[in-house]
Structures are given as C-alpha cells and as structure tokens.
Amino acid sequence: MTRDVKEIFARERGGPSGASGAPPAPAALAAKVRTLGPSMTRSMQRVAEAVAGDPAGCAALTVTGLAELTGTSEATVVRTARLLGYPGYRDLRLALAGLAAQQQSGRAPAITTGIAVDDPIADVVAKLAYDEQQTLADTAAGLDTVQLGAAVTALTAARRTDVYGVGASGLVAQDLTQKLLRIGLMAHSHSDPHLAVTNAVQLRAGDVAIAVTHSGSTGDVIEPLRVAFERGATTVAITGRPNGPVTQYADHVLTTSTARESELRPAAMSSRTGQLLVVDCLFVGVAQRTYEKAAPALSASYEALAHRHRS
C-alpha cells in the first residue's frame with residue numbers, strides 16, 4: 001500500500017514548516033540561501049538575497065523593516081526564515097548577527113568565479129578550484145545529518161540497494177554502487193529507465209532505493225523511485241532541489257549545493273562534486289557500521305586488483 005506522503009514529510013522534516021532539527025549555524029546561512037533559493041518564490045528570494053548579502057544591516061531590522069526593505073510582507077519574511085531552517089524571524093536575526101560578526105573578524109570575502117572566454121589558464125584553474133571548494137563547503141553546511149544517519153542505517157541493514165541516475169548523476173550512481181559492492185553489500189546501479197523500473201518492481205520492505213538527480217525533476221529517475229516507494233522499500237533522494245518532485249517519494253532527502261552554471265561550465269560538472277561528497281559520506285558511514293565485514297572485503301578487493309597495477 002502506498003504510504004502517506006504528507007505523513008512522511010511531517011515526520012522526517014520537522015512538520016509543515018520544512019525545518020528539521022536545530023537551526024543552521026550562522027556560517028551555514030549563505031549556503032542555505034544558495035541551495036534553497038531556486039525553489040523559493042520570487043518574493044522569498046528577495047528576502048533571502050537581502051539577508052545573505054547584508055547580514056549586519058538586516059540583523060538590525062525588525063520583521064516589518066525587512067519586509068519594507070525587500071518589498072514583501074511580514075508573512076513572507078517569516079516563511080523565508082522557516083524555510084531556511086529557523087523557527088522564526090528572531091532566530092534568523094540572531095544568526096545574521098553571528099554571521100556579521102564572523103565577516104567583521106577578517107574572513108576573506110567570497111570571489112566571483114565566472115570563467116570568461118579570454119581568461120588565462122592560471123585564472124581558470126584558480127576559479128575552478130575555488131568553485132569546487134565552495135560547492136563542497138555549501139553541501140557540507142546544508143547536509144541534514146539526521147537524514148544522513150537514517151539513510152546510513154537503512155543501507156547498513158538493506159537486503160539489496162538499487163541506485164538510479166542518468167547523465168552525470170548516473171556516474172555518481174555507479175560510484176556509490178561500486179563502493180557498496182567493495183564492502184560486500186548487494187547493490188545495483190541503473191541508468192536505463194526501463195531496466196530501473198523493472199528492477200524497482202522487485203524491491204520490498206528491507207530494501208533501499210536511491211535516486212540521484214540534481215534538478216530533482218528527472219522523470220527517468222523519479223519513476224523507479226516511485227515504484228520502489230510503493231513497494232515498501234526505504235527511499236533516498238540525493239538532490240540539489242529539496243522541494244523538487246523527487247522528494248515526494250523519498251523517505252530521506254540529502255541536499256547538495258546548488259550548482260553555479262556558466263556558459264563554459266555546465267551545472268552537471270559542479271553538481272557532481274556535491275553529489276560525490278554525499279556518496280562518500282554514505283559509504284564511510286556504512287563502512288563504519290559494518291567494519292568487521294567491510295574491512296576484510298576491502299582488503300580482498302584491493303588484493304584481487306593489485307596485479308593490475310604492477311608495472
């Protein structure tokens with residue numbers, strides 16, 4: 001029987017506000033804005049951009065003052081605060097004050113990483129390196145460790161794990177599958193949508209299905225996850241859009257940083273960086289829980305391949 005999606009949302013994400021667990025630390029606020037911004041309404045985006053752009057100035061404003069500054073309403077300000085993970089506007093103001101204090105302590109400001117056609121190759125290297133670092137930092141700051149721990153628990157006990165992804169996300173799905181296989185777990189990755197669905201039909205309670213989709217709206221990934229969800233498997237979404245369509249069929253949502261797309265660097269390239277960090281977190285978490293089995297399995301796989309690396 002299909003589970004009640006609304007009930008899952010309320011249980012896993014802390015109720016209708018969308019907040020989960022403790023409010024994010026001040027340092028995570030900018031990352032939250034970058035990650036959640038694309039899924040906000042335009043009026044909420046104006047509030048989010050204002051608080052991220054001028055935390056000190058906004059910390060000094062009342063809810064009415066911030067609403068007037070951004071041309072929105074008090075209700076929009078409060079909704080934005082809650083979507084960013086704060087119980088109310090007062091909690092957001094405290095985080096803004098903390099962020100402002102950190103910035104005034106001498107931390108270097110963020111730099112623009114857009115790559116121009118005529119950039120020297122040294123600048124390209126520096127900008128790409130910075131962008132990768134920012135993607136990893138944003139993903140780590142926004143990752144819900146409660147959801148991550150629950151996903152690790154499910155993977156540790158799973159009879160079988162299926163991972164769905166297409167395009168660049170398909171490479172990430174293959175990476176997770178390979179890691180799980182090397183510690184002795186049953187795992188399959190599926191980039192063919194027909195094969196993914198036919199395999200999802202065989203899943204049941206005690207199995208795990210993972211969808212990897214940065215956009216959160218890839219139909220070829222959502223469909224097998226929906227089938228697995230309806231068969232009773234534990235479902236996980238790794239996505240850059242925490243309110244995307246894929247999450248309605250996910251018991252656990254692991255959010256990655258929103259990719260910064262440019263003409264010379266498609267979003268798929270930077271989005272994969274955040275996805276791979278989440279995959280590594282899942283893998284290490286499972287390896288820790290199953291160490292007595294995982295360690296010998298890893299040693300055996302290294303030994304089996306050692307002769308291929310000898311000159």
Side-chain angles (χ1 to χ4, degrees), residues 12-13 18 20 28 30-40 45 48 83-84 113-115 127-128 130-145 147-148 151 161-179 189-193 196 200 208-226 228-229 235-283:
E12 300 294 350
R13 297 176 208 174
S20 171
K32 276 276 190 179
V33 171
R34 282 189 289 267
T35 299
L36 296 173
S39 64
M40 294 178 179
Q45 285 177 351
L83 184 59
L84 290 174
T113 59
I115 298 173
K127 289 181 177 182
L128 287 177
Y130 177 85
D131 192 53
E132 295 289 341
Q133 292 169 6
Q134 193 64 56
T135 296
L136 291 171
D138 286 358
T139 297
L143 193 57
D144 187 329
T145 54
Q147 295 284 302
L148 177 64
T161 297
D162 279 15
V163 191
Y164 315 123
V166 296
S169 295
L171 299 176
V172 176
Q174 291 176 29
D175 184 67
L176 175 56
T177 299
Q178 180 191 50
K179 283 178 164 64
S189 60
H190 304 289
S191 57
D192 181 290
V208 173
I210 301 176
V212 186
T213 163
H214 179 68
S215 69
S217 57
T218 307
D220 287 343
V221 171
I222 293 174
E223 185 178 6
L225 192 74
R226 175 187 60 79
F229 180 86
T235 52
V236 180
I238 300 175
T239 179
R241 301 288 186 268
N243 298 317
V246 71
T247 62
Q248 66 182 307
Y249 303 114
D251 293 316
H252 309 296
V253 178
L254 305 177
T255 305
T256 60
S257 169
T258 299
R260 287 163 288 281
E261 187 168 8
S262 67
E263 183 181 5
L264 294 177
R265 192 178 192 230
M269 296 173 67
S270 54
S271 66
R272 192 164 65 242
T273 301
Q275 292 172 345
L276 288 170
L277 173 61
V278 174
V279 162
D280 276 353
C281 290
L282 285 171
F283 169 71

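Values below: every heavy atom of this structure, side chains too, minus hydrogens, waters and symmetry copies.
- Between Ala200 and Pro224 the shortest heavy-atom distance is CB-O, 3.4 Å.
- The side-chain contact (heavy atoms from CB on, under 4.5 Å) test applied to Ala211 returns Val221, Leu225, Val246, not counting sequence neighbours.
- For the side-chain hydrogen bond (donor to acceptor under 3.5 Å, both in side chains) test, no residue two or more places apart in sequence or in another chain qualifies with Thr145.
- For the pair Gln178 (side chain) and Asp175 (backbone), a donor-acceptor distance under 3.5 Å is absent.
- Among residues two or more places apart in sequence or in another chain, the side-chain hydrogen bond (donor to acceptor under 3.5 Å, both in side chains) test is passed with Asp220 by none.
- Thr235 places a side-chain N or O within donor-acceptor distance of the main-chain N or O of Asp251, the cut-off being under 3.5 Å.
- With sequence neighbours left out, Ser215 forms a side-chain contact (heavy atoms from CB on, under 4.5 Å) with Thr213, Ser217, Thr218.
- Considering NE2 of His252 and CG of Leu282, their distance stands at 11.0 Å, rounded to 0.5 Å.
- Between Ser189 and Gln174 the shortest heavy-atom distance is OG-CG, 3.7 Å.
- Applying the salt bridge (Lys or Arg N to Asp or Glu O under 4.0 Å) test to every pair with at least one member in residues 162-172, sequence neighbours left out, gives these pairs: Arg160-Asp162.
- Residues forming a side-chain contact (heavy atoms from CB on, under 4.5 Å) with Leu143 (at least two apart in sequence, or on another chain): Leu148, Leu254, Val278, Cys281.
- Closest heavy-atom contact between Val236 and Ala151: CG2-CB, 4.1 Å.
- Contact detail for Leu277 and Ala140: the closest heavy-atom pair is CD2-N, 4.1 Å.
- Taking the salt bridge (charged side-chain N to carboxylate O under 4.0 Å, His left out) definition, one finds that Asp192 meets it with nothing, sequence neighbours left out.
- Under the rule for a side-chain contact (heavy atoms from CB on, under 4.5 Å), the partners of Ala48 that lie at least two apart in sequence or sit in another chain are Val33, Met40, Thr80.
- A donor-acceptor contact shorter than 3.5 Å is absent between the side chain of Thr139 and the backbone of Leu136.
- Contact check for Thr255 versus Asp144: no side-chain heavy atoms found under the 4.5 Å cut-off.
- Checked against side-chain hydrogen bond (donor to acceptor under 3.5 Å, both in side chains), Glu223 has no partners two or more places apart in sequence or in another chain.
- For Ser169, the side-chain hydrogen bond (donor to acceptor under 3.5 Å, both in side chains) partners two or more places apart in sequence, or in a different chain, are Gln275.
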### Query
Does the pair Arg272 and His214 meet the rule for a side-chain contact (heavy atoms from CB on, under 4.5 Å), with working shown?
CA-CA 8 Å; Arg272 192 164 65 242; His214 179 68; over 6 Å; no
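- Of all heavy-atom pairs between Tyr164 and Ala173, the closest is C-CB, 4.2 Å.
- The two residues Lys179 and Phe283 have their closest heavy-atom pair at O-CE1, 3.3 Å.
- Within the model, atoms OG1 of Thr135 and CG of Leu276 stand 11.5 Å from one another, a figure rounded to the nearest 0.5 Å.
- Contact check for Ile210 versus Thr161: side-chain heavy atoms found under the 4.5 Å cut-off.
- The closest side-chain heavy-atom distance from Tyr249 to Ile222 is below 4.5 Å.
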